[in-house]
Each structure stands twice: as C-alpha cells, then as structure tokens.
> 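One structure is given below, represented as structure tokens, and several questions about it will come after.
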2 protein chains.
Amino acid sequence: MSSRPTIHQVAKAAGVSISSVSRALNGNTSNPEMVAKVRAAVKQVGYVPSAVAQSLKTQQTGQIAFAMEDIGNAAYLAMVREIQPRLREDGYRLLLHATAADVQDEIDVLESLAQKYVDGLILCPIRVTDRHIEALRSPAVPVVVIGQLPDHVGVDNVRTDSRQGARLAVEHLYAGGARRIAFVNGPADTVPGHARYAGYREGLRACGLEVDELLVEVGDFQVAAGQAATERILARTDVDAVFGANDLIALGAMHALRSAGRSIPGDVQVAGMDDTTLAETSFPPLTSVSLGSRERGGIAAEMLLARLHGGTEPAQRVTVPPSLTVRQSTVEVSE
Amino acid sequence: MSSRPTIHQVAKAAGVSISSVSRALNGNTSNPEMVAKVRAAVKQVGYVPSAVAQSLKTQQTGQIAFAMEDIGNAAYLAMVREIQPRLREDGYRLLLHATAADVQDEIDVLESLAQKYVDGLILCPIRVTDRHIEALRSPAVPVVVIGQLPDHVGVDNVRTDSRQGARLAVEHLYAGGARRIAFVNGPADTVPGHARYAGYREGLRACGLEVDELLVEVGDFQVAAGQAATERILARTDVDAVFGANDLIALGAMHALRSAGRSIPGDVQVAGMDDTTLAETSFPPLTSVSLGSRERGGIAAEMLLARLHGGTEPAQRVTVPPSLTVRQSTVEVSE
DNA sequence: TTGAAAGCGCTACCAA
DNA sequence: TTGGTAGCGCTTTCAA
C-alpha cells in the first residue's frame with residue numbers, strides 16, 4: 001500500500017508547476033498544450049486527486065447524509081432509493097445513518113454536523129423533542145427534515161398527512177359497503193399511531209358511523225401483531241372490513257381472516273397503509289394508502305440540493321397529500 | 001452560516017498553544033489542569049474538530065463504502081442492516097453506492113478508491129469481468145468482495161453456494177413426498193439463474209428423478225413472472241411441488257396455485273430461496289433456502305475491519321453454506 | 001510539560 | 001499564461 005502520487009509528482013513529470021497542474025485539471029486554463037502535457041503526466045504517474053485535500057481547501061465534501069430509524073423499514077427504503085440516484089446526479093455521495101429510533105442518536109447526528117464531514121443532511125426524526133429543536137436552531141450545514149416539524153422551526157420540511165390518509169381508507173371501505181370497520185393500530189403513543197387513530201375516527205364520523213371500541217385493537221407495526229389483534233376482534237364481534245395502520249398489520253389481518261374462513265374482499269374488505277411492495281405482492285393484492293415516501297424522498301433531495309446550490313429563501317414547507325391505491329382486497333364502487 | 005471556530009480560537013480562549021489543545025483533546029497529555037482549561041475553552045467557543053482536516057493529517061477518513069446493485073434487493077438490504085451497526089461500533093460511517101448492475105459503475109467505484117474518501121470497501125459485484133480483476137489487483141484501500149471470485153485474485157472474499165442451496169430445496173421437497181417438482185427460474189443467463197438451475201437438476205438426480213423440461217419455466221425474478229410461469233406449467237402438466245428460484249417467484253407460484261384451487265402444502269408444496277422477510281410474512285409462511293445474506297454481510301464487515309486494524313495475512317476466503325428454513329408451505333418429515 | 005513550526009495535498013491569489 | 005506561495009484545520013516532531 002505505497003503512498004499514492006500527489007500533485008507534485010505530476011508537476012515534476014510534466015515539467016510544470018503544481019499550480020499549472022491544478023488549473024489544467026480543473027479547466028482553469030486556456031492553453032491546450034498545457035492540458036495535454038498535464039494529462040499525459042497524470043496518466044504516467046497514475047495520479048488521482050485526494051478527495052480529502054480538496055475538501056479541506058474547498059470546504060465541501062461532496063457528501064450528504066440521510067438519517068432514519070432503520071433502512072429495513074419499507075418507507076425509508078423507498079426514500080433512499082429515490083434520494084441516492086438524485087444526489088448522485090449532482091455528484092454527491094450518500095452517507096447512511098441508522099439511528100434505531102434512539103433520540104440521543106439523532107441529536108448526535110445533528111451535532112456531529114459541525115465536524116463538517118457532509119455538506120447537508122436529510123433527517124427523518126422518529127419524534128421531535130426540544131433537544132431536536134435546539135439542535136436545529138443553527139445547523140452547521142443545511143438540513144431538510146422529513147416529518148412533522150413545529151411551525152416556528154426554520155428548517156426545510158417535507159411532510160405528509162397520515163391522519164387524512166387513514167380517513168381516505170375508511171371512506172373507501174365505507175363506499176365499498178362496509179359498516180363495521182375494524183382498526184388495528186400500532187402503538188398509540190407513537191406519532192404515526194396517534195395520527196392514524198385520529199384519522200380512523202374522523203373517517204367514521206364523516207361517514208356517519210359511531211366509533212365502537214370493540215372494533216379497535218392495538219399491537220405493534222408487525223405482521224404477527226396484526227394477525228393476533230385481528231383474531232381478538234373476530235372473537236368478540238362482527239366485522240366487514242379491517243383497516244390496518246400499515247401494510248404489515250393489514251397482511252396479518254388477511255392471514256387471520258383467511259384462517260377464519262372469511263373471503264377477501266367478499267366477506268371482509270382489507271386495507272393497509274404505506275403502499276409498500278408487500279401490498280402489491282400479497283394475495284389478494286392489498287388496497288393501501290400511499291403516504292408518498294418516494295415522492296417525499298425526492299422532494300427532500302431537491303430541497304437540499306437547492307440549498308447547496310446557494311438557495312437562500314426562507315425555510316420551505318411542502319406537504320405531500322396521501323393517496324389511495326385500490327387493489328383487489330377491497331370493493332371498488334364506480335360512480 | 002458563519003464559519004465555525006477552529007483550534008486557534010480554542011487556543012486563544014484557553015491562553016495556550018494549539019499544540020496543547022490538540023494534545024489535551026486527544027488524551028496526549030498528563031496535565032489535568034491543561035485538560036480542564038482546554039475543555040472549558042472548547043465549550044466556551046463551541047468548538048468541534050473538523051473531520052476533514054483530521055483526515056488530511058491522519059490519512060484516515062473513518063468511512064467505509066458498501067457497493068451493490070440495488071438496496072431494494074432484499075439480500076443486499078439484509079447485508080446493510082448487518083454491516084452498518086458493526087462498522088459503527090468501530091467508529092466508521094457507512095457510504096452507500098448503488099451501481100444499478102452497471103459494470104462500468106462498479107469499475108468506477110473501484111477506481112475512485114484512489115481518491116481516498118473511504119478507508120475500505122465492501123463490494124458485491126453483479127458479475128466479475130477482467131476489468132474487475134484488473135481494478136482489484138492493487139486497490140488503494142482494503143477491499144472485501146461478497147460473491148464468487150476467481151481463486152487467483154488476492155482479495156478477501158466471502159461467498160455462498162446457491163447451487164448447493166437449490167439442491168437442498170429439491171431434496172427437502174422430495175423427502176416431503178413430492179415427485180413432480182417444478183422449477184421456476186429467473187433469467188438463465190445470470191449467475192444466480194445458472195447456478196440455481198444446475199442445483200435443481202443435481203437435486204433431482206440425487207433423488208433418482210429425471211429432469212422433465214415440462215416442469216421447468218423461466219421468467220424474471222419477480223412475483224408476476226413467477227405467477228405466470230406457474231400458470232403455464234399447471235396448464236400442461238401435473239405438479240406436486242414448485243421450487244421458485246427466489247422468494248418473489250415462489251410467492252407468485254403460491255398465488256397461481258391458490259387461484260387454481262390447489263391447497264398448500266396439501267396438494268402442492270412450495271419452496272423459495274433467499275429467505276427474505278417475504279417468506280415469513282406470506283400465507284402460508286414459505287419454506288425458503290437461506291443464502292446467509294446477513295451472515296455474509298457480517299463476515300465481510302469483520303474481514304474489512306481486521307484489515308483496517310492492521311491485519312496483513314494473505315487474502316481470506318470464507319464460504320457460508322446455505323441452509324433450509326422450513327415453514328408451513330412444505331411438508332416436514334421427521335426421521 | 002509546553003510552544004513553534006513543519007507539513008498532510010490541494011486551490012487560488014498575486015506577481016511576473 | 002505561468003509559477004511561487006499562502007493558507008484550509010489539524011497532528012506531531014522537535015526544542016526549549
């Protein structure tokens with residue numbers, strides 16, 4: 001692992017100064033002979049510029065960080081797949097931080113920004129605490145937050161409205177003929193759990209239905225919990241639709257219903273949320289509320305890039321509306 | 001975005017030299033008063049060391065790159081989820097490269113290593129060409145390759161044996177009573193497609209069965225293709241088991257079988273490959289051959305870390321054997 | 001133990 | 001147009 005050639009060896013090989021080498025390589029010269037000479041020398045000695053030295057001088061790293069809870073989560077995965085190519089187009093490398101839903105980790109990421117190892121950050125906080133807000137007050141580099149942020153925080157922010165999304169799902173199930181619409185939620189003390197439950201109730205109300213607590217169960221956001229919760233509901237009351245707070249839960253509900261001999265959507269309609277690939281590949285394919293993860297990722301990337309390109313307008317706030325992807329697990333009623 | 005304080009402001013605030021600040025911060029001093037003074041000054045001016053400047057001086061970036069085709073692929077996802085926390089333990093940040101299965105991109109990644117923006121690389125090549133081998137001859141930083149590598153290439157390498165894995169699946173289906181075992185493959189001209197088909201035939205032979213081309217179909221590695229291919233097979237011949245070349249294909253096969261009114265595993269057993277979360281969450285849960293993606297990721301991380309910690313032994317080569325995860329989509333026979 | 005100073009490899013200013 | 005040179009912010013050697 002011998003040390004790589006530096007700009008000095010190139011200069012010596014070309015018989016010119018290091019300034020000329022730098023200029024030739026960065027296109028800041030108009031002498032084609034010089035360029036040719038330098039290029040030849042570069043090839044000869046096998047020179048590749050040091051990214052670190054360039055960064056120290058230019059104060060730019062060409063790197064952007066994306067911090068989220070867990071890349072295994074389908075929503076974040078969708079974002080990364082959108083963000084990475086977009087950043088790459090502009091010559092940025094992507095750095096991944098998995099915070100494992102640890103608030104301290106998120107704060108650490110925010111504070112480590114002062115080390116200047118990246119030019120910007122896209123952050124998906126699991127929760128927004130006072131410490132987040134404090135750390136976001138004057139970040140060392142531009143930051144874009146994906147998720148809900150209090151209005152007074154002056155940081156670019158792209159969000160969605162899962163409450164509204166849950167309402168969409170309920171209204172769709174109602175339109176398909178359902179009257180006893182069960183809801184299987186994740187933990188109620190999480191931001192998404194809270195919002196989705198609120199949307200569920202709001203949807204019922206909008207359809208003129210009462211909230212019946214017999215129809216509501218809570219687990220975590222996984223398949224097994226969705227299945228178990230649905231079984232509990234089936235054991236105590238009648239149901240003609242199940243709305244799962246995410247696709248995993250809805251998938252579990254389908255398993256429970258199938259085991260109980262109910263046909264989908266004939267006997268019971270099922271809808272989920274997040275519109276992951278799981279929804280496409282399940283049997284039957286699952287109707288799901290899309291929260292626009294891909295789109296939010298793309299928008300966040302654009303916002304950050306705009307800042308890095310010198311954008312100086314006040315903090316932006318974009319909301320991606322939820323939308324319903326209807327598949328065979330529910331009944332579609334044409335108008 | 002005012003410029004951050006440097007070590008000089010700390011030195012001035014503490015009334016000492018920058019060398020003393022550096023020493024105090026890096027634990028290279030034995031004067032507790034000095035440490036206290038410096039710490040106070042650091043806090044006072046809000047100093048955070050520049051990662052870039054440190055890198056230039058120490059010739060280490062604290063970053064490691066992971067390059068694969070597409071993070072959306074469940075196998076690579078599993079690897080990242082294993083690699084990232086492990087690297088983090090040792091203080092390394094993870095950089096993600098998605099090459100979109102473009103050979104030129106992979107070569108670019110390899111060559112860009114000379115820019116020294118990372119301390120090491122874990123590479124999952126989609127195919128190994130002469131250009132790869134050339135680029136791997138003397139990489140600027142340590143590299144670990146996940147995948148098949150010719151023996152003469154002196155690079156740390158962790159691999160699996162999907163041929164052997166396919167054979168495992170076939171033998172398991174046979175043991176469960178299957179005699180007409182269909183195989184739905186992905187493209188035969190890919191490395192995995194080729195190996196899995198070879199393993200399928202080998203498994204049949206080991207069980208004393210003939211290869212019947214009526215039982216073999218090809219599509220791509222997706223659910224829809226698996227479903228369509230299975231329908232084609234069902235239309236022309238009898239089947240009592242379907243082995244899908246990956247979990248997506250197997251899932252598609254289950255859809256086709258269910259639509260045709262066949263019970264799983266009563267009428268037809270189904271097995272897949274890769275043992276992704278899809279296999280756990282399908283209905284019924286899918287028996288699948290694990291190619292040890294998580295484990296391979298973990299081993300690759302350990303290998304790289306060993307190099308970075310100064311390991312200088314000759315190139316290692318580790319093979320993770322495939323294993324079968326039996327779930328409800330097949331019949332288990334106890335001995 | 002402390003401080004001065006020499007770089008790490010590059011870019012960009014300033015003179016020539 | 002070219003070359004010398006001053007840093008970018010840090011670590012580490014060398015004297016004091």
Side-chain angles (χ1 to χ4, degrees), chain A residues 1-39 41-42 45-63 112-119 140-141, chain B residues 1-39 41-42 45-63 112-119 140-141:
Chain A
M1 214 115 317
S2 64
S3 74
R4 306 270 137 187
T6 72
I7 197 170
H8 288 96
Q9 351 288 5
V10 178
K12 197 193 297 181
V16 300
S17 73
I18 61 167
S19 343
S20 294
V21 174
S22 176
R23 273 188 300 252
L25 258 25
N26 294 310
N28 296 321
T29 181
S30 44
N31 181 347
E33 283 177 38
M34 175 66 84
V35 174
K37 229 183 342 190
V38 169
R39 277 214 218 291
V42 164
V45 304
Y47 170 72
V48 179
S50 153
V52 173
Q54 284 179 320
S55 291
L56 181 60
K57 190 63 199 177
T58 62
Q59 304 285 33
Q60 305 193 35
T61 61
Q63 300 186 157
S112 71
L113 255 27
Q115 293 174 24
K116 295 281 198 153
Y117 60 97
V118 289
D119 298 338
V141 299
Chain B
M1 212 112 322
S2 63
S3 74
R4 305 270 138 187
T6 71
I7 197 172
H8 287 95
Q9 352 287 5
V10 178
K12 198 192 297 179
V16 300
S17 73
I18 62 167
S19 343
S20 295
V21 174
S22 175
R23 274 186 300 249
L25 258 25
N26 296 310
N28 296 320
T29 182
S30 44
N31 181 346
E33 284 178 40
M34 175 65 85
V35 173
K37 226 179 351 185
V38 169
R39 277 214 218 292
V42 163
V45 304
Y47 170 73
V48 179
S50 154
V52 173
Q54 284 179 320
S55 291
L56 182 59
K57 190 64 199 180
T58 62
Q59 305 285 31
Q60 305 193 32
T61 62
Q63 300 186 157
S112 71
L113 255 29
Q115 291 174 25
K116 296 282 199 150
Y117 61 97
V118 288
D119 296 339
V141 298

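Naming: A, B, ... by sequence-line order, numbering from 1 per chain.
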> Taking CD1 from B:Ile18 and C1' from D:dC10, how many angstroms apart are they, rounded to a whole number?
8 Å

> Does A:Val52 reach a base, just sugar-phosphate, or nothing at all? Heavy atoms under 4.0 Å.
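Nothing: the residue A:Val52, judged by heavy atoms under 4.0 Å, touches no strand.
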
> Round to a whole Å and report the spacing from CD of A:Gln54 to P of C:dC8.
17 Å

> In whole Å, what is the span from the CD atom of A:Gln59 to the C1' atom of D:dC10?
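The answer, rounded to whole Å, is 12 Å.
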
> Among D:dT12, D:dT11, C:dC10, which nucleotide sits nearest the side chain of B:Arg23?
D:dT12

> Quickly work out the A:Glu33 CD to D:dT1 P distance and round it to whole Å.
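Result: 13 Å.
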
> Rounding to an integer number of Å, can you tell me how far B:Ile7 CD1 sits from C:dG3 C1'?
13 Å

> Check A:Val52 against B:Lys116 and note the closest heavy-atom contact, atom names and distance.
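Taking A:Val52 first and B:Lys116 second, the nearest heavy atoms are CG2-O, 3.6 Å.
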
> Name the nucleic acid region contacted by B:Ser30, choosing base, sugar-phosphate or nothing; use a 4.0 angstrom heavy-atom cut-off, strictly under.
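Since only primed, P, OP1 and OP2 atoms lie under 4.0 Å of B:Ser30, the category is sugar-phosphate.
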
> OP1 or OP2 of D:dC10 versus the side-chain N and O atoms of B:Tyr47: is any pair under 4.0 Å?
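Checking B:Tyr47 against D:dC10: at least one side-chain N or O falls below 4.0 Å of OP1 or OP2.
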
> On the nucleotide C:dG3, are OP1 or OP2 found under 4.0 Å from the side-chain N or O atoms that B:Ser20 carries?
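It does, given that an N or O in the side chain of B:Ser20 lies less than 4.0 Å from OP1 or OP2 of C:dG3.
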
> Nearest whole angstrom, please: distance from the P of D:dG3 to the NZ of A:Lys12.
16 Å

> Could you say whether B:Thr58 or B:Gly15 is positioned toward the 5' end of DNA chain C, judged by the nucleotide with the nearest heavy atom to each?
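Its nearest nucleotide lies further toward 5', so the answer is B:Gly15.
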
> Can you check the B:Leu56 CG to D:dC8 P distance for me, whole Å?
13 Å

> To check you understand the geometry: which heavy-atom pair defines the closest contact between B:Val10 and B:Ala41, and what is its length?
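Taking B:Val10 first and B:Ala41 second, the nearest heavy atoms are O-CB, 3.7 Å.
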
> Grab the two heavy atoms, one from B:Tyr47 and one from B:Leu25, that are nearest each other, plus how far apart they are.
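What the structure gives for the nearest pair is CE2-CD2, 3.7 Å.
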
> Could you report the tightest heavy-atom contact between A:Val45 and A:Pro5, atom names first, then the distance?
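The answer is O-CG, 3.3 Å.
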
> Can you name the nearest heavy-atom pair linking B:Thr61 to B:Ser55, along with the distance?
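Answer, listing the atom of B:Thr61 first, then B:Ser55: CA-OG, 3.6 Å.
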
> Taking any heavy-atom pair under 4.0 Å as a contact, classify A:Thr6: base, sugar-phosphate, or nothing.
sugar-phosphate

> Given D:dG9, is OP1 or OP2 found less than 4.0 Å from the side-chain N or O atoms of B:Ser50?
no

> Starting at atom CG of B:Leu25, determine the distance to atom P of D:dC10, rounded to an integer number of angstrom.
9 Å

> Respond yes when some side-chain nitrogen or oxygen of B:Asn31 is under 4.0 Å from OP1 or OP2 of C:dT2, and no when none is.
yes

> From C:dG9, D:dT5, D:dT12, pick the nucleotide closest to the side chain of B:Ser19?
D:dT12

> Please evaluate the base of D:dG9 for a donor-acceptor partner in the side chain of B:Lys57 within a cut-off of under 3.5 Å?
no

> Is A:Asn26 close enough to C:dT11 that one of its side-chain N or O atoms is under 4.0 Å from OP1 or OP2 there?
yes

